[in-house]
Every structure is written in structure tokens, then in C-alpha cells.
Number of protein chains: 2
Amino acid sequence: MQDRAEELKSLLAKHMSEHNLKRTRQRDVILETFLRSDDHTTIDGLLEAVQEVYPAVGYATVYRTLRLFVAAGVAKERRFGDGPAMYEPAEPDHHHDHLLCTKCGRIFEFEDPIIEERQVSIAKGLGVRLTSHRMTLFGECIDKEACARHTRKR
Amino acid sequence: MQDRAEELKSLLAKHMSEHNLKRTRQRDVILETFLRSDDHTTIDGLLEAVQEVYPAVGYATVYRTLRLFVAAGVAKERRFGDGPAMYEPAEPDHHHDHLLCTKCGRIFEFEDPIIEERQVSIAKGLGVRLTSHRMTLFGECIDKEACARHTRKR
DNA sequence: GTGGATGCAAAGACTTTGCAGCTTC
DNA sequence: GAAGCTGCAAAGTCTTTGCATCCAC
């Protein structure tokens, strides 16, 4: 995925120059850390990782930087149910949705062209031009043992 | 929909007797108001309507009563993006999803068996038994005029 | 220099709960 | 009476912002 990282970096650079934004050490570190991060990081999680490199960084900076990343198309914000928002590096040209196991908390990703297509025509049928959607499935792992193994792995 | 209201009332009565819960005037009024309400009420909206009949009722009571309704299967909680949670009377045996116009804020409902079916098999393919899902579509009304007419109609 | 960026702390927007007093069964 | 409710106010969660200071351009 090295290519993707480069792609996202230049996407951000473009956005920043177009909007007269400045490059700072904080933003560099946050970007690097974010791109390296496991998918589905929270602000807190990212902050913690960033502070290992640059301890002075504050919550608000990470918060605002993620907002910048989202605006630049570099990050996707995901709000599953209750907890804090989660962020993952964007995948230009790809879209995926999520499936959560409510027992172990694992997050699976998938994409399905049939559903996407259906959504567009459903919207059209209601007189609406579809611009985006949010879909999350919830279920329970069929393999109980694997599920238990993942439980509480925060 | 008088039948549905009766059905939900007896559903709640059953849940309450099974759990040793007590019938109070507050709960009666909240239930009546809720069943009469437009779909997609917030706690605040419902509270306001309830207070027209019974002014002493407080926010916490409506909050706790809606939690009870959800547990009894009488209400569905919907969390669209940002704002407060919205509640609507449940429709036993039916499931529907929502489509929001991001311009005028109108909420359309739909159900689609093809998507539902797909979701089950996608989950199975990932080794998960599907228990529920959340899907919200976002778009913009094609009929701009109708859209403008609905804008700001809170 | 100047306008954007940062950190802190405080404020918001919602949700959830502790508790004393009141009601139902 | 005892177990549940209710209302109020307070505490939680997360998110968002005001502001003085700092730094990139």
C-alpha cells in the first residue's frame, strides 16, 4: 500500500496549497502516523500514537487535523453507533462498508456493487439523486471460538 | 394504523408484566403521545408534546420511557449522523431504511428485499450471522422546487 | 510581519445516572 | 410497606471552539 500512501500525501499537499494552509511538524507527524495506523483509529488512539513521536501535540490539533484530512479526501470518518468517531485512510475510487460482530467487536469490510446499484435506483425512485450512504451490518461470528479469541482485544 | 397502535400497546403491556414494571400516568401519556406523533421524534420533541397534556413530566422520564419502549420492541431508535437520536413506533415484521435529502432535510422511508437478502449472504460469506443492520442514504431532491419548499420547515 | 496553527482550557450538545421523595401493586 | 417511578440536578461522553501564543511563509 505504499502507493496509496503517496497518493494520499499528494492529495493533501494539493488541498493545502489550494487553501493556503501551512505545513507544520504536527501535521507531518499526524499524517505519517495516520497512514501507518491500523484502520479505524479514534482521535484518542491516534493522539496516543502521535505523542510517542511528538509528545507535545494536543487533542485539539489531532481533532482539527483529522477534519482537514477529511476535507482533503485523505481520511474517511466512520461513526458506528455509540462510541467516538473512527477514521481510516481514504481509498480513492473505492467504497466499502462495514460489518461488526457485536460479541467480539471485530470489524469486517466489504463492498457490494449490487447493493450500491440498488441504492442508486431506490433513491431515483424517490426523486432523489444519491450522493452517499452509510451502511453497517451487525451480527455474531459463526465461529464461536475465533470470536472468543478476539473478545476483549480492545 | 389503529391496529398497529393496539398491537404496540399490548406488546408493551406484555413486556411490563414480564418485568414487574409499573403502570404510571406518565408512561400512559408518553405512550399515547408517542404513538400519535409524527415519525422520527426526538426526545425533546416528544417531551414538548407530552407536556401539553402533563406539564410536570421531565426530560429524564421521557428518556427512560423511550429506552423502555425500545426494550419492549415498541419503538425504534434511529441515529442519523450528528443530531439527537430519533424515535419512531416499531413496525413488527417490517423493516425499513431511510433516505435523507441533505438540502431540505426530508426523510424518506423505503424497504428493499434484494438488499436485505444480499446483506445476509455477505455476512455469511464473512463468517457472521447477521442480526441487524443500519443503512441510511443521502442525496439531493431532484425536484429543486419541492426541495426548497421543504427547507427550513424544521 | 502576518495570517495560519497550536495547546490549553472551557464550552457545547446529548446522553446517562444518583438520589430523595412519591406511587403503584 | 416494598419495589418501582419520577424530577431535578449533576455527571459523563464526545465534539467543538475562544484565545493568547507561536511559527511557517
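Letters A, B, ... are given to chains in the order of the sequence lines, protein chains preceding strands, and every chain is numbered from 1. Every heavy atom of this structure was used, including side-chain atoms; hydrogens, water molecules and symmetry mates were not.
Rounded to an integer number of Å, the gap from CD1 of I30(A) to C1' of dG7(C) is 12 Å. Between the CZ atom of F69(B) and the C1' atom of dC5(D) there is a distance of 14 Å, rounded to whole Å. One interatomic measurement links the two molecules: CG of N20(B) to P of dA3(D), which rounds to 11 Å at whole-angstrom precision. Distance, H15(B) NE2 to dG4(D) C1': 13 Å, rounded to whole Å. Between L47(B) atom CG and dT16(C) atom P the separation is 16 Å, expressed in whole Å. Taking atom CZ of residue F80(B) and atom C1' of nucleotide dC14(C), one finds them 17 Å apart after rounding to whole Å. The distance between atom CE of M86(B) and atom C1' of dT15(C), rounded to the nearest whole Å, is 16 Å.
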Please tabulate, for the side chains in residues 130-142 of chain B, all donor-acceptor contacts under 3.5 angstrom to protein atoms that are two or more places apart in sequence or on a different chain.
residue	atom	partner	partner atom	Å
T131(B)	OG1	F138(A)	O	3.0
H133(B)	ND1	Q119(B)	OE1	3.1
H133(B)	NE2	H95(B)	NE2	3.0
H133(B)	NE2	D97(B)	OD1	3.1
H133(B)	NE2	D97(B)	OD2	3.2
E140(B)	OE1	R129(A)	NH2	3.2

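Here CG of L99(A) is found 5.5 Å from CG of L126(B). Values are rounded to the nearest 0.5 Å.
Each end of the helix from dG1(C)-dC25(D) to dC25(C)-dG1(D) gets its own axis, taken as the rotation carrying the C1' atoms of four end pairs onto the next four within a five-pair window, and the two axes meet at 20° to the nearest 10 degrees.
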Could you run through nucleotides 16-25 of chain D and give me one letter per nucleotide, 5' to 3': B if any protein heavy atom sits under 4.0 Å from the base, S if only the sugar-phosphate is that close, - if neither? BBB-----BS
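Residue pairs satisfying the salt bridge (Lys or Arg N to Asp or Glu O under 4.0 Å) criterion with at least one member in residues 25-37 of chain B, sequence neighbours excluded, are listed as follows: K9(B)-E32(B), R23(B)-D28(B), E32(B)-R36(B).
Checking R4(B), R78(B), K76(B) one by one against E88(B), the salt bridge (charged side-chain N to carboxylate O under 4.0 Å, His left out) holds for a single residue, R78(B).
Remark: E18(A) CD is packed, more than 12 non-hydrogen atoms of other residues, nucleotides or ligands lying under 6.0 Å away. Heavy-atom neighbours of E117(A) CD from other residues, nucleotides or ligands within 6.0 Å: at or below the threshold of 12.
Residues meeting the ring-ring contact (aromatic ring centres under 6.0 Å, His included) test with F34(A), sequence neighbours left out: F69(A). Shown here are the salt bridge (Lys or Arg N to Asp or Glu O under 4.0 Å) partners of D82(B), two or more places apart in sequence or in another chain: R79(A).
Taking only side-chain nitrogens and oxygens, R27(B) comes nearer than 4.0 Å to OP1 or OP2 of dT6(D). An OP1 or OP2 oxygen of dG7(C) is reached within less than 4.0 angstrom by a side-chain nitrogen or oxygen of Q26(A).
Looking at which nucleotide of DNA chain D each of H19(B) and D44(A) is closest to, the 5′-most match is held by H19(B).
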From CA spacing to verdict: side-chain contact (heavy atoms from CB on, under 4.5 Å), R118(A), D112(B): CA-CA 9 Å; R118(A) 251 346 251 169; D112(B) 189 90; 2.5 Å; yes
